[in-house]
Each structure stands twice: as C-alpha cells, then as structure tokens.
Amino acid sequence: MSESNRPKWSGSLGFVLAAAGSAVGLGNIWKFPYITGMNGGGAFVLVYLACIALVGVPVLLAELYIGKVGQANAVLAYEKVHKEKSFWRLPGALGLISAFLILSFYSVIGGWILNFEWCSLLNEFGTRPEGEIKSMLSDLFEDPTRQIFLHSIFMLLTVGIVLGGVQKGIEKWTKLLMPGLVLILIGLLVYSLFLPGFGQAAEFLFLPDFSKLSWEGLLEAVGHSFFTLSVAVGVMVTFGSYLSKDDNLPRMGFSIAIIDTVLALTAGLVIFTAVFSYGIEVDTGPTLIFQTLPLLFGKMPGGYFIAVTFFLLIASTALTSTISILEVVVAYCTETFKAPRRITTLIVGFAAFAVGLLSDLSTNLLSHVKIVGLNFFDFFDKLTSSLFLPLSGLLTSVFLGWVLGPRAVDEIIRDTGFEAYRKTLLICIRVIVPISVSIILIMGLDWLWPA
Ligand code: PHE
C-alpha cells in the first residue's frame with residue numbers, strides 16, 4: 001500500500017481514544033486488581049507506577065515513533081526506519097506473532113465475560129445458591145460447546161468492528177465505548193463510596209507496606225507494564241503509523257498512559273471496596289472477578305444492576321483491546337500480501353478463532369495435552385507474556401536507544417513542549433528498560449524447563 005492511501009486517524013482525539021481503548025482492558029480490570037491483591041497492595045502499586053513511568057512509557061513512545069516515521073505495519077516499519085532489510089525486523093515480527101496468539105486466547109476470555117454478563121442479566125447471582133455461583137466458571141470450563149459459542153460471538157464482534165476500517169470501525173467504536181466505560185466506572189466508584197469497605201480499600205491500595213513486596217512482585221510489575229499499555233505487540237507501531245508527521249508523541253503517549261493507569265486504579269478501588277465490605281480475602285487471585293465478585297453481587301443492595309454494568313464494562317474494555325490486536329495482523333497482511341483489507345480481516349479473524357479453539361478445549365477435551373507441562377491456554381499466555389513481549393520490548397529499546405541513537409529521542413521530543421523530558425527518556429530507553437527487561441526475561445524463563 002502506498003503511503004498516501006494508508007488509513008489515517010481523523011485527529012488526535014480519535015487516536016488517543018483508540019490507543020487508550022487498546023491499553024485499557026482485562027489487564028486493568030481483571031489482572032491489575034488480582035495481582036495487586038496477591039502482592040500485598042500499596043507497595044506493589046507504587047512499584048507498578050514506577051514501571052509504567054520508567055519502562056512502559058519509554059517503549060510506548062519508541063513504538064509510536066517507529067510507526068509514525070516508518071509509515072508501515074508493525075514489521076515493515078522497523079525496516080523502513082532503519083532504511084535497510086535487517087535483523088531489526090525481529091522485534092516487529094515477535095510483536096506480530098504475539099498479537100495473533102494473544103488475540104486467540106483473549107477472545108476466549110471475552111467469551112467467558114459474555115457468559116457472566118448473561119448470568120447477570122438472568123439474575124443468577126441473586127437467585128442461585130452460593131455453591132452453584134462458585135462453580136459457574138468451572139462449569140463453563142467443562143462445557144466446550146458453550147465456550148466455543150460465546151468465543152465465536154466475541155470474535156464476530158471484533159471482526160465486525162475492524163471490517164469498518166480504521167476511522168469508521170476502530171475509531172468510531174472506541175469513541176463510543178470509551179466514554180461509556182468511563183461513565184460506568186464512575187458510577188461504580190460512586191456506589192463504592194457508600195459501602196463500608198471504601199476506606200480500607202483506599203488504604204490497601206495507597207498506603208505502601210514494603211514488607212509485603214516480594215521479588216516476584218517486582219518482576220510481575222515490569223511485565224505487566226508492557227501488557228497493560230499494549231506495547232511489544234505491534235499495536236502502538238501500527239497505530240502510530242496512522243499518525244501524521246506533526247503529531248505530538250509525548251503528549252499522546254502520556255495521555256494514553258495516564259488514562260490506562262487512572263482506570264486501573266479506579267477499578268482496583270471499586271473491586272477492593274466490595275472485597276473489604278464483605279470480609280473476603282484480598283489474595284484470591286485470577287478467580288477474583290469470576291467467583292468472588294459474583295458472590296458479592298448476589299448479596300449487595302442493587303447487586304443486579306451492579307453485576308450487569310460491571311460485566312458490560314469488562315466486555316467493552318476487552319473489545320476495544322481485541323480490535324486493536326486484530327488490526328495489527330490485518331495491517332501486516334494487507335500490506336505484505338497486497339490483499340484486500342476486508343477479506344484479510346475475515347481470514348485473520350477466522351484463523352485466530354481457530355487457534356483459539358485450542359484454548360477453549362484446554363480445560364476439557366484437550367486438557368490432557370501439555371506443552372512444557374502447560375495446557376494450550378496457559379502455554380500461549382506464558383509464551384507471549386514471559387518470552388515474546390519482554391524480548392520484543394527489549395529489542396525495541398535497544399534499537400531506538402543504541403541503533404538509531406539519541407537523534408531518534410531528539411526527534412520524539414523536538415518542538416513538543418516536553419524538552420525537559422529528553423534526558424530522562426534517553427536514560428530510560430538506553431539503560432533502565434534494557435536492564436530491567438533483561439532481568440525479567442531471564443528470571444521468567446523457568447517455566448520452559450519444568451521440573
Ligand atoms: N492492554 C490490554 C489490557 O490491558 C491487553 C492488550 C495486550 C491489548 C496487547 C492489545 C495488545 O488488557
């Protein structure tokens with residue numbers, strides 16, 4: 001595709017909302033609260049904020065820059081910026097593969113959320129006995145037909161939006177969904193203010209107790225800063241490639257990171273308020289929103305509406321993320337194979353759905369199939385989050401900081417009003433990101449050699 005007929009955002013607002021829509025997702029509303037709960041609260045939150053600022057944002061800016069200058073898909077952009085065919089396509093290629101794999105299993109989780117939205121609408125949390133509510137998730141895991149059905153609906157929604165294109169699909173829908181989800185979250189926050197556990201939740205999240213912080217928590221925070229900002233998967237390169245030459249990258253990058261962080265903290269506050277108000281353990285882990293919260297919804301005043309809006313909120317955040325991931329692969333395939341965009345969208349969506357079937361089946365018919373001791377779902381998750389994402393992010397920072405060098409950082413900063421940030425960005429991208437990400441990469445590889 002020639003540069004002149006590549007898609008473009010309608011303006012900065014459209015871009016920021018679409019990119020923030022990608023960033024805000026299950027990582028904010030599901031994962032951030034449960035890992036914070038498991039890592040003792042406040043101190044982990046502080047470390048997480050530091051990781052966003054010192055690791056996540058610099059890589060985010062690097063990717064937007066590569067996309068904006070390269071004016072091409074997530075793989076080709078690196079090559080165009082480097083001006084030769086080279087090794088430096090690797091971070092883009094790793095990002096592309098991760099995008100495809102993440103899309104395959106993220107849409108499976110999207111299906112679970114639709115299941116819980118459906119149960120909320122039928123008021124099942126309010127009417128079924130506790131034991132049945134607790135086992136809803138495991139019942140779903142044992143029912144491949146139901147899982148596949150819901151997964152296919154979620155994928156159809158994703159494909160349907162991306163079929164509309166960048167402006168009329170992704171931008172239009174995120175402009176609708178993002179304000180909607182902010183409103184829902186504000187509504188839930190206001191409701192939380194009236195529950196007895198609000199003060200305790202705020203204390204848990206904002207009063208650091210460093211004795212509870214572990215080495216694993218630290219590593220988790222670095223890794224999560226990538227996932228939550230949608231970096232190292234090609235999204236920000238692809239989205240950056242639809243920007244215009246004079247767009248202000250630091251302003252946009254900071255806006256995305258701030259929206260992502262504020263929404264994660266708000267979701268944490270809402271969820272922990274419910275947890276403390278009803279005397280539940282904070283460290284229940286991944287089942288927090290699928291077992292613990294439904295139990296609470298059954299007991300809360302107005303729980304029916306809270307449950308319906310809460311799962312609607314999560315479904316919309318997941319959808320604004322999956323559309324961005326699909327776009328990465330679609331942009332790559334249309335440009336590389338010179339294929340029509342609509343057909344490519346259908347094929348890629350179907351292919352990701354087909355690979356996702358392995359995840360649907362990994363808790364039932366294929367639960368006996370293990371790769372390095374993990375079922376398909378866990379394997380795809382581990383492979384991307386512990387290997388491909390950190391590796392891609394590491395290589396991107398080395399590429400920008402050392403291969404392109406300070407000139408690239410100057411170009412990111414020049415005439416943006418953020419000149420004072422230049423030195424910090426340079427140090428982060430050349431030193432802090434490579435060192436911290438190399439550590440998590442090495443420390444996080446033990447799963448490849450199961451005992
Ligand atoms: N950032 C999203 C979240 O927090 C996940 C995501 C990862 C989206 C990679 C796009 C690409 O849930």
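Side chains included, hydrogens not; waters and symmetry mates left out as well; all remaining heavy atoms used. For ligands, and for the atoms within them, numbers begin at 1 and follow the listed sequence. The first residue of the sequence shown is numbered 1, and numbering continues consecutively from there.
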Asks: Between Trp118 and Phe311, is the ring centre distance below 6.0 Å?
Replies: no
Asks: Indicate whether the side chain of Ser241 and that of Arg6 have a donor and an acceptor atom separated by less than 3.5 Å.
Replies: yes
Asks: With ring-ring contact (aromatic ring centres under 6.0 Å, His included) as the test, would you mind laying out the steps for Phe380 and Phe105 before giving the verdict?
Replies: CA-CA 8 Å; Phe380 292 146; Phe105 67 78; 7.1 Å; no
Asks: So for atom CH2, which belongs to Trp88, do other residues, nucleotides or ligands contribute more than 12 heavy atoms lying within a distance under 6.0 Å?
Replies: yes
Asks: Protein residues near ligand 1, heavy-atom distance below 4.0 Å?
Replies: Ser22, Ala23, Gly25, Leu26, Gly27, Asn28, Tyr106, Phe227, Thr228, Ser230, Val233, Val235, Ser321, Ser324, Ile325
Asks: Return yes if a side-chain donor-acceptor contact under 3.5 Å exists between Ser10 and Glu171, otherwise no.
Replies: yes
Asks: Given the side-chain rings of Phe87 and Tyr78, with only the six-membered ring counted for Trp, is the space between their centroids under 6.0 Å?
Replies: no
